[in-house]
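Keep in mind that this is a model prediction, so the values were computed, not measured.
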Amino acid sequence: MFDGDDKYNMIDILFDKIAKDGISHHLSPGCNFSFPWKEVFHNFVKLQPIPKLLVVCWQKPEQGLLKLNTYGSFNISNGKAGLGGALRDEEGKLIMAFSVPIECSGHN
């Protein structure tokens with residue numbers, strides 16, 4: 001897998017190969033280029049990011065403190081949004097939770 005600058009080097013290599021081997025497409029009458037589509041596609045697939053799984057666990061607040069976790073969502077097609085949250089103590093016990101439906105013009 002390629003990272004950072006390696007991706008740009010790979011693209012340079014691909015364009016050098018295109019210039020050398022040509023493109024299989026009639027751009028205009030009299031211009032016939034051949035192009036190794038299968039090989040190029042294979043190389044571009046290599047440039048896709050690797051999905052990584054990251055498990056995130058809720059952490060209890062310090063003794064004597066409360067922790068407020070919030071969440072929001074927004075539907076751009078109708079302007080409807082929702083806000084919510086949960087307040088928990090240092091043992092993870094739920095003190096209160098809330099949710100509020102709202103309408104807005106953007107996610108910010």
Side-chain angles (χ1 to χ4, degrees):
M1 188 53 60
F2 297 97
D3 295 319
D5 292 334
D6 290 337
K7 287 183 181 181
Y8 297 107
N9 293 336
M10 185 64 182
I11 291 171
D12 289 339
I13 291 167
L14 287 173
F15 281 110
D16 288 344
K17 183 143 182 69
I18 290 168
K20 178 183 171 193
D21 295 347
I23 301 173
S24 110
H25 183 57
H26 291 286
L27 299 175
S28 64
C31 294
N32 184 13
F33 298 97
S34 62
F35 188 73
W37 287 108
K38 185 175 180 180
E39 182 181 343
V40 170
F41 178 75
H42 176 73
N43 288 327
F44 274 111
V45 168
K46 289 180 186 177
L47 298 175
Q48 292 180 352
I50 299 172
K52 295 181 181 179
L53 178 64
L54 177 64
V55 177
V56 179
C57 297
W58 184 82
Q59 300 287 320
K60 295 179 182 179
E62 294 178 21
Q63 186 71 26
L65 296 178
L66 301 175
K67 188 170 193 177
L68 175 64
N69 293 102
T70 60
Y71 180 77
S73 63
F74 172 67
N75 185 335
I76 194 167
S77 67
N78 61 14
K80 292 186 178 184
L83 306 174
L87 185 65
R88 297 179 183 269
D89 66 13
E90 69 271 6
E91 295 177 11
K93 293 180 183 175
L94 182 65
I95 295 174
M96 73 163 253
F98 68 94
S99 66
V100 180
I102 61 171
E103 290 188 22
C104 53
S105 60
H107 66 282
N108 290 328

Checklist entry - Just how far is it from atom CG of L87 to atom CE of M96, taken to the nearest 0.5 Å? => result 6.0 Å
Checklist entry - Given the rule that I, L, V, M, F, W and Y join up when any side-chain heavy atoms are under 4.5 Å apart, are L83 and I95 in one cluster? => result yes
Next on the checklist: Are L68 and V100 connected into the same hydrophobic cluster when the rule is that any two of I, L, V, M, F, W, Y join if their side-chain heavy atoms are below 4.5 Å apart?
Outcome noted: yes
Item to check | Approximate separation, where rounding is to 0.5 Å, of K67 NZ and R88 CZ | outcome: 10.5 Å
Item to check | From CD (Q63) to NZ (K60), nearest 0.5 Å | outcome: 10.0 Å
Item to check | I76 atom CD1, over 12 foreign heavy atoms within 6.0 Å | outcome: no
Item to check | Minimum heavy-atom distance between D89 and W58, given as atom pair plus value | outcome: O-CH2, 4.0 Å
Next on the checklist: Within this structure, what is the CG-NZ distance for the pair L66 and K93, rounded to the nearest 0.5 Å?
Outcome noted: 13.0 Å
Item to check | Heavy-atom closest contact (A81 atom, C104 atom, distance) | outcome: CB-SG, 3.7 Å
